[in-house]
Protein chains: 2
Amino acid sequence: MFSALHQIVGQFVELDARENAILEQAFTFKKVPKKYKLTKKGEIATELFFINKGLVRLYYEKGKEEITGFIFKEHLFASSYDSFLRKVPSLQTLETLEACELLVITYQKLEELYVTLPKINVLTRKVAEQRFINGQQILSSFLLESPEERYRRFEVQHKDLLQRVPQNMIASFLGITPVSLSRIRKRMQQPSSP
Amino acid sequence: MFSALHQIVGQFVELDARENAILEQAFTFKKVPKKYKLTKKGEIATELFFINKGLVRLYYEKGKEEITGFIFKEHLFASSYDSFLRKVPSLQTLETLEACELLVITYQKLEELYVTLPKINVLTRKVAEQRFINGQQILSSFLLESPEERYRRFEVQHKDLLQRVPQNMIASFLGITPVSLSRIRKRMQQPSSP
DNA sequence: AAGGATGCTTAACAAAAGATAAGAAATCAG
DNA sequence: CTGATTTCTTATCTTTTGTTAAGCATCCTT
(Lines give C-alpha, C1' and ligand atoms only; values in the text may rest on other atoms or scores of the structure.)
Protein backbone atom coordinates (compact mmCIF):
# COMPACT_ATOMS: atom_id res chain seq x y z
CA MET A 1 0.00 0.00 0.00
CA PHE A 2 2.85 2.39 0.73
CA SER A 3 5.43 0.79 -1.50
CA ALA A 4 5.04 3.23 -4.37
CA LEU A 5 5.17 6.18 -2.00
CA HIS A 6 8.37 4.91 -0.41
CA GLN A 7 9.89 4.31 -3.78
CA ILE A 8 9.14 7.80 -5.02
CA VAL A 9 10.12 9.49 -1.76
CA GLY A 10 13.30 7.43 -1.77
CA GLN A 11 14.32 9.10 -5.01
CA PHE A 12 14.52 12.40 -3.18
CA VAL A 13 15.53 11.68 0.44
CA GLU A 14 16.80 8.70 2.36
CA LEU A 15 14.61 7.69 5.25
CA ASP A 16 15.21 4.97 7.82
CA ALA A 17 12.52 2.62 9.14
CA ARG A 18 11.44 4.94 11.92
CA GLU A 19 11.17 7.90 9.57
CA ASN A 20 9.25 5.88 7.04
CA ALA A 21 6.81 4.91 9.75
CA ILE A 22 6.29 8.55 10.70
CA LEU A 23 5.72 9.35 7.05
CA GLU A 24 3.14 6.58 6.64
CA GLN A 25 1.19 7.69 9.68
CA ALA A 26 0.68 11.11 8.17
CA PHE A 27 -1.31 9.65 5.27
CA THR A 28 -4.68 8.00 5.05
CA PHE A 29 -5.79 5.60 2.36
CA LYS A 30 -8.78 6.42 0.21
CA LYS A 31 -10.56 4.66 -2.61
CA VAL A 32 -12.79 6.80 -4.79
CA PRO A 33 -14.87 6.11 -7.89
CA LYS A 34 -14.60 7.62 -11.33
CA LYS A 35 -15.75 11.25 -11.70
CA TYR A 36 -15.19 11.89 -8.01
CA LYS A 37 -14.28 15.46 -7.13
CA LEU A 38 -11.26 15.57 -4.84
CA THR A 39 -11.13 19.37 -4.75
CA LYS A 40 -13.84 21.72 -5.81
CA LYS A 41 -13.56 25.14 -7.38
CA GLY A 42 -14.23 27.86 -4.82
CA GLU A 43 -13.16 25.77 -1.86
CA ILE A 44 -9.78 25.77 -0.18
CA ALA A 45 -7.80 22.64 -0.96
CA THR A 46 -6.78 21.08 2.33
CA GLU A 47 -5.48 17.81 0.95
CA LEU A 48 -2.62 16.56 -1.14
CA PHE A 49 -3.00 13.26 -2.95
CA PHE A 50 -0.45 10.65 -3.85
CA ILE A 51 -1.89 8.52 -6.64
CA ASN A 52 -1.38 4.82 -6.13
CA LYS A 53 -3.69 3.90 -8.95
CA GLY A 54 -5.85 5.81 -11.39
CA LEU A 55 -5.92 9.15 -13.14
CA VAL A 56 -6.80 12.60 -11.86
CA ARG A 57 -7.64 15.59 -13.97
CA LEU A 58 -7.23 19.22 -12.96
CA TYR A 59 -9.51 21.61 -14.78
CA TYR A 60 -10.62 25.22 -14.91
CA GLU A 61 -14.07 26.45 -15.78
CA LYS A 62 -14.42 28.98 -18.56
CA GLY A 63 -18.07 29.80 -18.94
CA LYS A 64 -19.68 26.37 -19.07
CA GLU A 65 -16.62 24.76 -20.55
CA GLU A 66 -14.08 22.69 -18.68
CA ILE A 67 -10.48 23.44 -19.59
CA THR A 68 -8.03 20.73 -18.59
CA GLY A 69 -4.94 22.17 -16.93
CA PHE A 70 -3.14 18.98 -16.04
CA ILE A 71 -3.50 15.23 -15.89
CA PHE A 72 -1.92 13.46 -12.94
CA LYS A 73 -0.86 9.85 -13.43
CA GLU A 74 0.07 7.13 -11.01
CA HIS A 75 2.82 7.96 -8.50
CA LEU A 76 2.43 11.69 -8.74
CA PHE A 77 1.46 14.11 -6.03
CA ALA A 78 -1.76 15.75 -7.16
CA SER A 79 -3.29 18.85 -5.71
CA SER A 80 -4.65 22.25 -6.48
CA TYR A 81 -1.31 23.60 -5.36
CA ASP A 82 -2.11 27.26 -5.50
CA SER A 83 -5.04 26.80 -3.15
CA PHE A 84 -3.30 24.22 -1.00
CA LEU A 85 -0.17 26.28 -0.45
CA ARG A 86 -1.65 29.77 -0.24
CA LYS A 87 -4.92 28.78 1.42
CA VAL A 88 -7.03 30.66 -1.08
CA PRO A 89 -10.23 29.41 -2.74
CA SER A 90 -9.31 27.17 -5.64
CA LEU A 91 -9.85 28.22 -9.24
CA GLN A 92 -9.35 24.61 -10.18
CA THR A 93 -11.28 21.40 -9.73
CA LEU A 94 -9.59 18.04 -9.21
CA GLU A 95 -11.64 15.15 -10.51
CA THR A 96 -10.83 11.51 -11.02
CA LEU A 97 -10.90 10.17 -14.57
CA GLU A 98 -10.85 6.61 -13.32
CA ALA A 99 -11.52 4.86 -10.04
CA CYS A 100 -8.54 5.80 -7.88
CA GLU A 101 -6.57 4.53 -4.93
CA LEU A 102 -5.03 7.44 -3.13
CA LEU A 103 -2.84 8.28 -0.18
CA VAL A 104 -4.10 11.50 1.33
CA ILE A 105 -2.29 13.99 3.54
CA THR A 106 -3.85 17.14 4.95
CA TYR A 107 -2.15 20.52 5.05
CA GLN A 108 -2.07 20.32 8.82
CA LYS A 109 -0.47 16.88 8.89
CA LEU A 110 2.11 18.08 6.42
CA GLU A 111 2.95 21.06 8.61
CA GLU A 112 3.37 18.68 11.52
CA LEU A 113 5.64 16.53 9.41
CA TYR A 114 7.87 19.50 8.69
CA VAL A 115 8.42 19.77 12.46
CA THR A 116 8.77 16.11 13.38
CA LEU A 117 10.70 15.18 10.25
CA PRO A 118 12.56 18.23 8.95
CA LYS A 119 14.00 16.16 6.11
CA ILE A 120 10.59 16.46 4.54
CA ASN A 121 11.50 20.02 3.66
CA VAL A 122 14.09 18.56 1.34
CA LEU A 123 11.55 16.23 -0.18
CA THR A 124 8.95 18.88 -0.82
CA ARG A 125 11.60 21.27 -2.07
CA LYS A 126 12.72 18.76 -4.65
CA VAL A 127 9.16 17.86 -5.58
CA ALA A 128 8.35 21.55 -5.99
CA GLU A 129 11.47 22.06 -8.08
CA GLN A 130 10.56 19.13 -10.28
CA ARG A 131 7.02 20.33 -10.77
CA PHE A 132 8.30 23.78 -11.57
CA ILE A 133 10.65 22.42 -14.21
CA ASN A 134 7.84 20.33 -15.64
CA GLY A 135 5.54 23.34 -15.76
CA GLN A 136 8.22 25.36 -17.45
CA GLN A 137 8.62 22.75 -20.16
CA ILE A 138 4.92 22.84 -20.86
CA LEU A 139 4.97 26.62 -20.90
CA SER A 140 7.90 26.70 -23.31
CA SER A 141 6.00 24.40 -25.66
CA PHE A 142 3.30 27.08 -25.89
CA LEU A 143 5.93 29.65 -26.81
CA LEU A 144 7.96 27.55 -29.21
CA GLU A 145 5.63 25.06 -30.80
CA SER A 146 2.45 24.99 -32.88
CA PRO A 147 -0.63 23.11 -31.68
CA GLU A 148 0.24 20.29 -34.05
CA GLU A 149 3.75 20.03 -32.66
CA ARG A 150 2.40 20.07 -29.13
CA TYR A 151 0.07 17.21 -29.99
CA ARG A 152 2.90 15.21 -31.56
CA ARG A 153 4.93 15.71 -28.39
CA PHE A 154 1.97 14.67 -26.27
CA GLU A 155 1.59 11.53 -28.38
CA VAL A 156 5.11 10.37 -27.72
CA GLN A 157 5.35 11.49 -24.12
CA HIS A 158 1.96 10.21 -23.04
CA LYS A 159 1.05 7.35 -25.34
CA ASP A 160 -0.78 5.70 -22.44
CA LEU A 161 -3.06 8.68 -21.92
CA LEU A 162 -4.30 8.62 -25.52
CA GLN A 163 -6.39 5.58 -24.64
CA ARG A 164 -7.36 6.67 -21.15
CA VAL A 165 -8.35 10.31 -21.66
CA PRO A 166 -11.10 11.68 -23.95
CA GLN A 167 -9.76 13.72 -26.84
CA ASN A 168 -11.61 16.86 -25.93
CA MET A 169 -9.71 16.96 -22.65
CA ILE A 170 -6.42 16.50 -24.42
CA ALA A 171 -7.43 19.29 -26.79
CA SER A 172 -8.09 21.82 -24.05
CA PHE A 173 -4.88 20.76 -22.31
CA LEU A 174 -3.07 21.64 -25.54
CA GLY A 175 -4.83 24.98 -25.67
CA ILE A 176 -7.08 24.24 -28.64
CA THR A 177 -10.67 23.22 -29.32
CA PRO A 178 -11.72 19.59 -29.86
CA VAL A 179 -12.67 20.48 -33.43
CA SER A 180 -9.22 21.80 -34.10
CA LEU A 181 -7.55 18.73 -32.64
CA SER A 182 -9.70 16.53 -34.82
CA ARG A 183 -8.53 18.47 -37.88
CA ILE A 184 -4.91 18.22 -36.80
CA ARG A 185 -5.22 14.46 -36.43
CA LYS A 186 -6.71 14.18 -39.88
CA ARG A 187 -3.96 16.33 -41.36
CA MET A 188 -1.36 14.10 -39.75
CA GLN A 189 -2.79 10.92 -41.26
CA GLN A 190 -2.40 12.18 -44.80
CA PRO A 191 1.34 12.23 -45.56
CA SER A 192 1.64 14.96 -48.19
CA SER A 193 0.43 15.49 -51.77
CA PRO A 194 -2.90 13.85 -52.70
CA MET B 1 24.03 45.76 -0.44
CA PHE B 2 22.33 42.81 1.23
CA SER B 3 19.32 44.64 2.57
CA ALA B 4 16.95 43.58 -0.20
CA LEU B 5 18.11 39.98 0.06
CA HIS B 6 17.50 39.93 3.78
CA GLN B 7 14.11 41.49 3.34
CA ILE B 8 13.01 38.93 0.78
CA VAL B 9 14.52 35.99 2.64
CA GLY B 10 12.87 37.27 5.80
CA GLN B 11 9.49 36.79 4.17
CA PHE B 12 10.11 33.07 4.07
CA VAL B 13 12.32 32.16 7.05
CA GLU B 14 13.51 33.92 10.20
CA LEU B 15 17.25 34.13 10.48
CA ASP B 16 19.31 35.52 13.37
CA ALA B 17 22.42 37.64 12.95
CA ARG B 18 24.77 34.66 12.78
CA GLU B 19 22.63 32.93 10.19
CA ASN B 20 22.34 36.07 8.14
CA ALA B 21 26.12 36.36 8.14
CA ILE B 22 26.47 32.80 6.88
CA LEU B 23 23.94 33.56 4.16
CA GLU B 24 25.79 36.69 3.06
CA GLN B 25 29.08 34.91 2.82
CA ALA B 26 27.67 32.47 0.31
CA PHE B 27 27.02 35.26 -2.18
CA THR B 28 29.31 37.45 -4.20
CA PHE B 29 28.43 40.85 -5.60
CA LYS B 30 28.57 41.46 -9.32
CA LYS B 31 27.93 44.46 -11.52
CA VAL B 32 27.31 43.77 -15.18
CA PRO B 33 26.43 45.96 -18.16
CA LYS B 34 23.39 45.84 -20.38
CA LYS B 35 23.16 42.92 -22.83
CA TYR B 36 25.46 40.83 -20.66
CA LYS B 37 24.88 37.08 -20.85
CA LEU B 38 24.67 35.56 -17.38
CA THR B 39 23.95 32.06 -18.67
CA LYS B 40 24.42 30.82 -22.19
CA LYS B 41 22.44 28.28 -24.12
CA GLY B 42 24.28 24.97 -24.28
CA GLU B 43 26.21 25.54 -21.07
CA ILE B 44 25.32 24.28 -17.62
CA ALA B 45 24.06 27.04 -15.37
CA THR B 46 26.16 27.02 -12.22
CA GLU B 47 24.91 30.26 -10.76
CA LEU B 48 21.75 31.65 -9.27
CA PHE B 49 21.27 35.41 -9.28
CA PHE B 50 19.45 37.66 -6.87
CA ILE B 51 18.68 40.90 -8.64
CA ASN B 52 19.43 43.98 -6.58
CA LYS B 53 18.97 46.31 -9.50
CA GLY B 54 18.12 45.91 -13.15
CA LEU B 55 16.24 43.54 -15.42
CA VAL B 56 17.13 40.09 -16.69
CA ARG B 57 15.52 38.34 -19.62
CA LEU B 58 15.35 34.59 -20.14
CA TYR B 59 14.97 33.53 -23.74
CA TYR B 60 14.91 30.52 -26.01
CA GLU B 61 16.22 30.39 -29.54
CA LYS B 62 13.88 29.23 -32.27
CA GLY B 63 15.76 29.30 -35.53
CA LYS B 64 17.32 32.74 -35.50
CA GLU B 65 14.57 34.21 -33.40
CA GLU B 66 14.74 34.90 -29.69
CA ILE B 67 11.63 33.91 -27.77
CA THR B 68 11.34 35.51 -24.35
CA GLY B 69 10.36 33.01 -21.69
CA PHE B 70 10.47 35.24 -18.64
CA ILE B 71 11.51 38.64 -17.40
CA PHE B 72 13.04 38.83 -13.95
CA LYS B 73 12.67 42.09 -12.04
CA GLU B 74 14.41 43.47 -9.00
CA HIS B 75 14.39 41.26 -5.91
CA LEU B 76 13.76 38.03 -7.75
CA PHE B 77 15.97 34.99 -7.93
CA ALA B 78 16.85 34.54 -11.57
CA SER B 79 18.34 31.45 -13.11
CA SER B 80 18.00 28.91 -15.85
CA TYR B 81 16.47 26.65 -13.24
CA ASP B 82 16.19 23.53 -15.31
CA SER B 83 19.89 23.60 -16.06
CA PHE B 84 20.87 24.80 -12.60
CA LEU B 85 18.93 22.13 -10.75
CA ARG B 86 19.38 19.18 -13.07
CA LYS B 87 22.89 20.03 -14.26
CA VAL B 88 21.99 19.69 -17.90
CA PRO B 89 23.01 22.03 -20.73
CA SER B 90 20.67 25.00 -20.76
CA LEU B 91 18.11 25.51 -23.51
CA GLN B 92 17.76 29.05 -22.27
CA THR B 93 19.92 32.14 -22.25
CA LEU B 94 19.85 34.67 -19.44
CA GLU B 95 20.73 38.16 -20.57
CA THR B 96 20.51 41.52 -18.86
CA LEU B 97 18.14 44.08 -20.33
CA GLU B 98 19.71 46.83 -18.25
CA ALA B 99 22.91 47.28 -16.33
CA CYS B 100 22.47 45.08 -13.27
CA GLU B 101 23.67 44.74 -9.73
CA LEU B 102 23.50 41.14 -8.68
CA LEU B 103 24.17 38.85 -5.78
CA VAL B 104 25.50 35.59 -7.11
CA ILE B 105 25.54 32.15 -5.50
CA THR B 106 27.00 29.05 -7.11
CA TYR B 107 25.37 25.64 -7.06
CA GLN B 108 28.18 24.37 -4.87
CA LYS B 109 27.85 27.17 -2.34
CA LEU B 110 24.14 26.55 -2.20
CA GLU B 111 24.69 22.86 -1.51
CA GLU B 112 27.06 23.84 1.30
CA LEU B 113 24.42 26.18 2.66
CA TYR B 114 21.91 23.34 2.82
CA VAL B 115 24.33 21.57 5.16
CA THR B 116 25.48 24.47 7.32
CA LEU B 117 22.09 26.15 7.42
CA PRO B 118 19.36 23.54 6.95
CA LYS B 119 16.71 26.22 7.28
CA ILE B 120 17.64 27.18 3.76
CA ASN B 121 15.74 24.12 2.61
CA VAL B 122 12.63 25.83 3.85
CA LEU B 123 13.54 29.01 2.02
CA THR B 124 14.21 27.31 -1.29
CA ARG B 125 11.16 25.12 -0.89
CA LYS B 126 8.98 28.18 -0.51
CA VAL B 127 10.70 30.00 -3.34
CA ALA B 128 10.23 26.96 -5.56
CA GLU B 129 6.59 26.71 -4.56
CA GLN B 130 6.06 30.36 -5.31
CA ARG B 131 7.73 30.12 -8.68
CA PHE B 132 5.66 27.05 -9.47
CA ILE B 133 2.46 28.85 -8.62
CA ASN B 134 3.53 31.81 -10.72
CA GLY B 135 4.36 29.56 -13.64
CA GLN B 136 1.01 27.87 -13.30
CA GLN B 137 -0.79 31.19 -13.47
CA ILE B 138 1.02 32.08 -16.67
CA LEU B 139 0.25 28.65 -18.09
CA SER B 140 -3.42 28.97 -17.23
CA SER B 141 -3.55 32.30 -19.04
CA PHE B 142 -2.52 30.46 -22.21
CA LEU B 143 -5.35 27.99 -21.71
CA LEU B 144 -8.04 30.42 -20.68
CA GLU B 145 -7.32 33.73 -22.35
CA SER B 146 -6.85 35.17 -25.82
CA PRO B 147 -3.63 36.97 -26.78
CA GLU B 148 -5.45 40.28 -26.33
CA GLU B 149 -6.57 39.33 -22.84
CA ARG B 150 -3.08 38.20 -21.97
CA TYR B 151 -1.72 41.54 -23.08
CA ARG B 152 -4.30 43.44 -21.06
CA ARG B 153 -3.31 41.40 -18.01
CA PHE B 154 0.35 42.09 -18.69
CA GLU B 155 -0.39 45.81 -18.92
CA VAL B 156 -1.93 45.94 -15.48
CA GLN B 157 0.41 43.50 -13.78
CA HIS B 158 3.62 44.89 -15.25
CA LYS B 159 3.01 48.52 -16.09
CA ASP B 160 6.65 49.27 -15.28
CA LEU B 161 7.94 46.79 -17.85
CA LEU B 162 6.02 48.43 -20.69
CA GLN B 163 8.57 51.25 -20.64
CA ARG B 164 11.60 49.11 -19.91
CA VAL B 165 11.18 46.21 -22.30
CA PRO B 166 10.96 46.34 -26.12
CA GLN B 167 7.56 45.33 -27.44
CA ASN B 168 8.81 42.48 -29.53
CA MET B 169 10.07 40.78 -26.37
CA ILE B 170 6.73 41.27 -24.68
CA ALA B 171 5.08 39.84 -27.78
CA SER B 172 7.07 36.63 -27.75
CA PHE B 173 6.54 36.33 -24.01
CA LEU B 174 2.81 36.43 -24.73
CA GLY B 175 3.20 33.77 -27.40
CA ILE B 176 2.52 35.99 -30.40
CA THR B 177 4.48 37.84 -33.07
CA PRO B 178 5.42 41.53 -32.75
CA VAL B 179 3.19 42.27 -35.74
CA SER B 180 0.25 40.71 -34.03
CA LEU B 181 0.86 42.61 -30.80
CA SER B 182 1.00 45.84 -32.74
CA ARG B 183 -2.40 45.03 -34.25
CA ILE B 184 -3.84 44.18 -30.86
CA ARG B 185 -2.66 47.50 -29.45
CA LYS B 186 -4.25 49.35 -32.33
CA ARG B 187 -7.50 47.44 -31.89
CA MET B 188 -7.53 48.38 -28.22
CA GLN B 189 -7.15 52.11 -28.89
CA GLN B 190 -10.28 52.28 -30.99
CA PRO B 191 -13.27 51.91 -28.65
CA SER B 192 -15.94 50.37 -30.86
CA SER B 193 -17.94 51.47 -33.89
CA PRO B 194 -16.31 54.09 -36.16
C1' DA C 1 -31.71 -4.20 -25.42
C1' DA C 2 -33.18 0.54 -25.88
C1' DG C 3 -32.68 5.27 -24.96
C1' DG C 4 -29.94 8.91 -23.76
C1' DA C 5 -25.89 10.99 -23.10
C1' DT C 6 -21.16 11.68 -24.56
C1' DG C 7 -17.57 12.01 -27.76
C1' DC C 8 -15.56 12.32 -32.52
C1' DT C 9 -15.68 13.94 -37.15
C1' DT C 10 -16.88 16.94 -40.88
C1' DA C 11 -18.49 21.10 -43.17
C1' DA C 12 -19.06 26.11 -43.88
C1' DC C 13 -18.10 30.51 -42.52
C1' DA C 14 -15.93 34.16 -39.63
C1' DA C 15 -12.14 35.88 -37.06
C1' DA C 16 -7.55 35.97 -35.82
C1' DA C 17 -2.79 35.18 -36.31
C1' DG C 18 1.47 34.19 -39.18
C1' DA C 19 4.64 35.65 -42.99
C1' DT C 20 6.69 38.98 -45.65
C1' DA C 21 7.81 43.44 -46.93
C1' DA C 22 8.14 48.39 -46.72
C1' DG C 23 8.27 52.62 -44.49
C1' DA C 24 8.29 55.59 -40.23
C1' DA C 25 10.06 56.36 -35.70
C1' DA C 26 13.08 55.90 -32.06
C1' DT C 27 17.60 54.68 -30.22
C1' DC C 28 22.41 54.11 -30.25
C1' DA C 29 27.26 54.77 -31.23
C1' DG C 30 31.00 57.14 -33.06
C1' DC D 1 25.06 65.60 -34.44
C1' DT D 2 24.44 62.20 -37.76
C1' DG D 3 24.39 57.84 -39.91
C1' DA D 4 23.10 53.26 -38.82
C1' DT D 5 20.64 49.88 -36.25
C1' DT D 6 16.78 48.56 -34.03
C1' DT D 7 11.99 48.85 -33.18
C1' DC D 8 7.25 49.69 -34.31
C1' DT D 9 3.55 50.16 -37.46
C1' DT D 10 0.91 49.22 -41.51
C1' DA D 11 -0.56 46.64 -45.54
C1' DT D 12 -1.38 42.37 -48.16
C1' DC D 13 -1.98 37.70 -48.48
C1' DT D 14 -2.08 32.97 -46.58
C1' DT D 15 -2.89 29.73 -43.07
C1' DT D 16 -4.89 28.34 -39.01
C1' DT D 17 -8.07 28.30 -35.54
C1' DG D 18 -12.66 29.34 -33.54
C1' DT D 19 -17.72 28.84 -33.96
C1' DT D 20 -21.77 26.59 -34.91
C1' DA D 21 -24.26 22.87 -36.35
C1' DA D 22 -25.17 18.33 -38.03
C1' DG D 23 -24.43 13.38 -38.29
C1' DC D 24 -22.55 9.23 -36.56
C1' DA D 25 -20.47 6.16 -33.38
C1' DT D 26 -19.78 4.66 -28.80
C1' DC D 27 -20.48 4.12 -24.16
C1' DC D 28 -23.45 3.80 -20.07
C1' DT D 29 -27.43 3.13 -17.59
C1' DT D 30 -31.75 1.41 -16.59
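Order of the sequence lines sets the chain letters (A, B, ...), proteins ahead of strands, with each chain counted from 1.
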ask   = Honestly curious: do B:Ile44 and B:Leu38 fall in one hydrophobic cluster under the side-chain, below-4.5 Å linking rule?
value = no
key: Shortest side-chain distance from B:Val179, nucleotide among D:dT10, D:dT17, C:dA17   = D:dT10
note = Rounded to whole Å, CG of B:Asn168 lies from P of C:dG18 at a distance of 14 Å
query = Which sits closer to the 5' end of DNA chain C, B:Lys34 or B:Pro147, going by the nucleotide each is nearest to?
reply = B:Pro147
key: Cationic N near anionic O, under 4.0 Å, B:Lys37 to B:Glu95   = yes
inquiry  = More than 12 heavy atoms of other residues, nucleotides or ligands under 6.0 Å from CD of A:Gln157: yes or no?
reply    = yes
note = Separation of C:dA16 atom C1' from B:Lys186 atom NZ, nearest Å, is 16 Å
task = Classify the nucleic acid contact of B:Ser182 as base, sugar-phosphate or nothing, counting any heavy atom under 4.0 Å across all strands shown.
result = base
inquiry  = Taking 4.0 Å as the cut-off, does a side-chain nitrogen or oxygen of A:Arg187 come that near to OP1 or OP2 on D:dT17?
reply    = yes
task = Could you tell me the separation between the CD atom of A:Gln189 and the C1' atom of C:dT10, rounded to a whole number of Å?
result = 13 Å
task = Measure the distance from CZ on A:Phe142 to C1' on C:dA17 and round it to the nearest whole Å.
result = 16 Å
inquiry  = Can you measure B:Ile184 atom CD1 to D:dT10 atom P for me and round it to whole angstrom units?
reply    = 14 Å
key: Residue whose nearest DNA chain D nucleotide is more 5′ - B:Arg183 or B:Gln167   = B:Gln167
ask   = Quick one: A:Glu65 CD to C:dG7 C1', roughly how many Å, whole number?
value = 14 Å
ask   = Rounding to a whole Å, what distance do you find between B:Tyr151:OH and C:dA17:P?
value = 14 Å
Protein-nucleotide distance (A:Leu181, atom CG; D:dT19, atom P), rounded to Å = 15 Å
remark   = Residues passing the ring pair (Phe, Tyr, Trp, His ring centres under 6.0 Å) test with B:Phe70, sequence neighbours excluded, are B:Phe72
query = Closer to the 5' end of DNA chain D via nearest nucleotide, is it A:Thr177 or B:Val165?
reply = B:Val165
query = Is B:Arg125 close enough and on-axis enough to A:Tyr114, meaning under 6.0 Å and within 45°, for cation-pi?
reply = yes
